[in-house]
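Okay, so here's the structure we're looking at.
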Amino acid sequence: MSKGLEGNDNRGARELGAEEKVGWDQVTQGVVLHSFVGESENSAFLKPEEREYNDFNSYTATVASWRIVKPVYNRDICIDCQNCWVWCPDTSIISRDKQMLGIDYDHCKGCGVCVEVCPTNPKSLLMFGEAEETETALANWPEKKKKEK
Amino acid sequence: MAITSIKNLKEFSTNNDRFEGAHLLCPGCAHSMIVRELMNCTDDNLVIASNTGCLEVSTAVYPYTSWDTSWIHIGFENAATAASCAESMYKARKKKGTLPDADAPVKFVAFGGDGSTYDIGFQWLSGAMERGHDFTYICLDNENYANTGGQRSSATPVGAHTSTAQAGSTSYGKKQKKKDMVAIMAAHGAPYVAQLAPNKWKSMAKGFQKALETEGPCFINTVSACTTEWKFDPKDTINVTDLATDTLMFPIYEIIDGHELNILYRPKNILKVEDYLGAQGRYRHLFKSENKHIIERIQKDIDEKWEFLQRREEARI
């Protein structure tokens with residue numbers, strides 16, 4: 001045996017076809033990524049802050065670097081209609097107990113759908129440059145627009 | 001109560017999201033709006049199968065998964081097969097008493113793109129429908145193979161520019177009509193078949209709930225505006241979908257037991273199809289003078305289809 005193969009001692013170790021067989025209604029594990037740590041409950045009954053996310057869950061990752069513009073949220077104008085929540089493609093609108101709390105900037109990609117669907121006048125969500133400070137953005141909020149007749 | 005109440009959007013928003021962010025779908029992609037809505041409209045355990053397509057490749061990029069439920073990735077053609085086999089396995093184990101929690105409600109859902117539903121997985125979907133498994137198949141219809149660079153599929157409508165049906169001096173894009181998948185699925189005798197759109201969130205959530213509740217194979221075709229291949233700004237996803245439903249390019253309707261057709265949304269002002277076509281880059285060539293007759297043809301097809309749907313609804317047959 002050549003030197004490079006010395007550490008490889010499981011070659012031909014198993015008889016083909018002699019491995020343990022399972023019935024058609026049993027699962028053999030191929031590649032499974034567990035979303036949660038341990039035995040997971042139905043996550044529909046747990047708020048995100050109550051869940052024990054595994055490192056495999058994309059919740060633990062960020063796509064913030066995709067953004068060049070970001071939505072800024074103005075609590076004073078918001079009417080909690082939840083339009084932004086239902087249409088956010090990135091699960092980035094944080095909403096609890098029928099109230100809009102803010103934006104999850106780790107998962108927001110800056111698409112701007114939330115601004116388009118915001119029904120208030122002026123809008124309670126607006127897009128600003130990624131480098132803009134939230135305070136400056138809020139200070140420069142546009143006035144209420146009059147209806148064009 | 002397994003199905004959550006959705007009287008209004010505020011109430012709907014109290015559901016806990018089971019589809020996580022930081023998936024790699026394009027900004028403004030309608031796929032994730034539809035998937036989120038499905039997962040939010042019920043609190044049952046879900047077993048979801050996805051076949052290859054944008055949704056699958058972007059939500060399970062190793063080492064991450066964006067799904068907080070059981071999720072199976074399978075080949076391009078057989079999401080319907082995976083979901084129906086999981087359902088059979090569940091039933092068998094329930095009978096044998098080998099399930100850890102036999103009373104927990106479980107729903108089986110398959111997601112496919114239009115490529116895998118209309119073309120590549122058509123035979124497998126048809127088989128699963130015929131076998132009558134208790135599952136819901138949802139087609140995320142973005143009218144092309146967006147995952148591989150925007151090739152034409154049999155869901156691509158007349159006149160659209162795609163990378164394999166290009167518009168130019170000798171062609172106006174795709175020449176063939178879109179396949180009527182909803183009618184084909186209804187012809188399988190499926191108990192619930194519908195075409196829904198994410199901009200009408202309520203009819204969509206109700207349709208999903210109805211499909212999940214209905215025993216037997218259900219099929220839902222959903223309109224999924226594709227910012228990359230339809231060529232519009234990511235922020236306009238909902239605006240373009242609004243135009244799609246208001247021009248009746250995508251009428252929203254359901255067919256129960258293969259014959260009882262109900263129109264779920266009637267636009268107050270039916271817009272001309274030019275508004276919808278003009279909002280997207282893939283139809284830009286149709287506004288040249290030599291292609292005007294294509295727009296007329298599309299409008300004529302839409303009018304005929306709407307007339308057909310209304311008469312089907314009236315006739316109740």
Side-chain angles (χ1 to χ4, degrees), chain A residues 23-27 31-36 39-40 42-48 50-51 53-64 66-67 69 80-83 85-93 95-100 104 106-117 127, chain B residues 4 8-33 35-37 39-40 42-46 59-69 71 85 88-90 92-93 96 98 104 198-199 201 205 227 233-239:
Chain A
W24 73 273
D25 59 349
Q26 284 166 280
V27 183
V31 180
V32 178
L33 299 184
H34 293 278
S35 303
F36 301 104
E39 288 283 310
S40 50
N42 183 350
S43 48
F45 302 113
L46 295 173
K47 290 192 169 70
E50 295 161 354
R51 300 175 187 167
Y53 287 110
N54 205 335
D55 285 348
F56 287 126
N57 199 308
S58 72
Y59 182 84
T60 62
T62 177
V63 285
W66 289 35
R67 242 178 7 239
V69 284
D80 293 314
C81 69
Q82 307 294 350
N83 274 1
W85 174 83
V86 76
W87 283 309
C88 175
D90 294 301
T91 327
S92 296
I93 302 294
S95 189
R96 299 279 182 278
D97 303 324
K98 304 184 182 179
Q99 278 224 338
M100 152 85 170
D104 175 358
D106 287 324
H107 298 146
C108 173
K109 293 172 186 153
C111 64
V113 166
C114 52
V115 174
E116 284 297 307
V117 299
M127 299 308 276
Chain B
T4 54
N8 54 48
L9 202 44
K10 280 196 179 190
E11 195 170 8
F12 192 30
S13 77
T14 54
N15 294 321
N16 297 315
D17 269 305
R18 287 193 278 177
F19 185 66
E20 298 296 345
H23 51 70
L24 304 183
L25 290 163
C26 300
C29 180
H31 273 30
S32 41
M33 299 178 192
V35 171
R36 274 189 62 219
E37 193 150 339
M39 295 173 86
N40 284 333
T42 175
D43 48 24
D44 287 350
N45 289 303
L46 289 169
T59 55
V61 183
Y62 190 79
Y64 295 117
T65 172
S66 299
W67 303 84
D68 292 347
T69 58
W71 180 77
C85 291
S88 305
M89 190 183 201
Y90 174 79
R93 291 189 60 169
K96 290 179 190 171
T98 53
N199 59 328
W201 67 269
T227 82
D233 204 60
K235 71 176 168 52
D236 290 327
T237 308
I238 292 298
N239 300 341

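Residue numbers begin at 1 in each chain, while the letters A, B, ... track the order of the sequences.
- Using a 4.5 Å cut-off between heavy atoms, A/C81 contacts chain B through its backbone alone, with no side-chain atom that close.
- Here the side chains of A/W85 and B/K10 are not in contact, with every heavy-atom distance at 4.5 Å or above.
- The choice from B/N8, B/N15, B/L25, B/T237 that makes the most heavy-atom pairs within less than 4.5 Å of chain A is B/L25.
- Both the backbone and the side chain of B/L9 come within contact range of chain A, each with at least one heavy atom under 4.5 Å from a heavy atom of that chain.
- The most heavy-atom pairs under 4.5 Å with chain A, out of B/R36, B/R93, B/M33, come from B/R36.
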*asked:* Apply side chain to side chain contact (heavy atoms under 4.5 Å, CB included) to residues B/N239 and A/E116 and explain how you reach the verdict.
replied: CA-CA 8 Å; B/N239 300 341; A/E116 284 297 307; 2.8 Å; yes

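- Using modelled atom types, one side-chain atom of A/S43 and one backbone atom of B/D68 make a donor-acceptor pair closer than 3.5 Å.
- Most heavy-atom pairs under 4.5 Å with chain A: of the set B/N199, B/T98, B/D236, this distinction falls to B/N199.
- Put simply, the side chain of B/P27 does not reach to within 4.5 Å of the side chain of A/R67, judged on heavy atoms.
- Heavy-atom distances place both the backbone and the side chain of A/V86 under 4.5 Å from chain B.
- The shortest side-chain heavy-atom distance between A/T60 and B/Y64 falls under the 4.5 Å cut-off.
- Judged purely by atom type and a 3.5 angstrom limit, A/W87 uses its side chain to pair as donor or acceptor with the backbone of B/P198.
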*asked:* Pair B/E20, A/N57 - check side-chain hydrogen bond (donor to acceptor under 3.5 Å, both in side chains), show working.
replied: CA-CA 8 Å; B/E20 298 296 345; A/N57 199 308; 4.6 Å; no

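- Within the model, atoms CD of A/Q82 and CD of B/E11 stand 12.0 Å from one another, a figure rounded to the nearest 0.5 Å.
- Neither the backbone nor the side chain of B/Y90 comes within contact range of chain A; no heavy atoms are under 4.5 Å apart.
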*Decide yes or no on side chain to side chain contact (heavy atoms under 4.5 Å, CB included) for A/M100 and B/S13, but give the supporting numbers first.*
CA-CA 9 Å; A/M100 152 85 170; B/S13 77; over 6 Å; no

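- A donor-acceptor pair under 3.5 Å is absent between the side-chain atoms of B/T14 and the main chain of A/K98, judged by distance alone.
- Heavy atoms closer than 4.5 Å to chain A are found in the side chain of B/N40, but not in its backbone.
- At a threshold of 4.5 Å between non-hydrogen side-chain atoms, the residues B/K235 and A/V115 do not count as touching.
- Both the backbone and the side chain of A/F45 have a heavy atom closer than 4.5 Å to some heavy atom of chain B.
- When heavy atoms are compared at a cutoff of 4.5 Å, B/D17 approaches chain A by way of both its backbone and its side chain.
- By the 30° and 60° cut-offs, the orientation of the rings of A/F56 relative to B/Y62 is tilted.
- Residues A/P89 and B/S32 share a closest heavy-atom pair of O-OG, 2.8 Å.
- Looking at B/L24, both its backbone and its side chain come within 4.5 Å of chain A, counting heavy atoms on both sides.
- Of all heavy-atom pairs between B/G28 and A/C111, the closest is N-CB, 3.2 Å.
- Neither the backbone nor the side chain of B/W71 comes within contact range of chain A; no heavy atom of the residue lies under 4.5 Å from a heavy atom of that chain.
- Looking at A/L46, the atoms closer than 4.5 Å to chain B (heavy atoms on both sides) all sit in the backbone: N, CA, C or O.
- If you measure heavy-atom distances from B/S66 to chain A, the contacts under 4.5 Å come from both the backbone and the side chain.
- Of the two parts of A/D55, only the backbone, made up of N, CA, C and O, holds a non-hydrogen atom closer than 4.5 Å to a non-hydrogen atom of chain B.
- Taking A/V63, A/V113, A/D90, A/N42 one by one and counting their heavy-atom pairs under 4.5 Å with chain B, the maximum is reached by A/N42.
- Between A/H107 and B/A22 the shortest heavy-atom distance is CD2-CB, 3.5 Å.
- Among the candidates A/Q99, A/M127, A/R96, A/R51, the residue making the largest number of heavy-atom pairs closer than 4.5 Å to chain B is A/R51.
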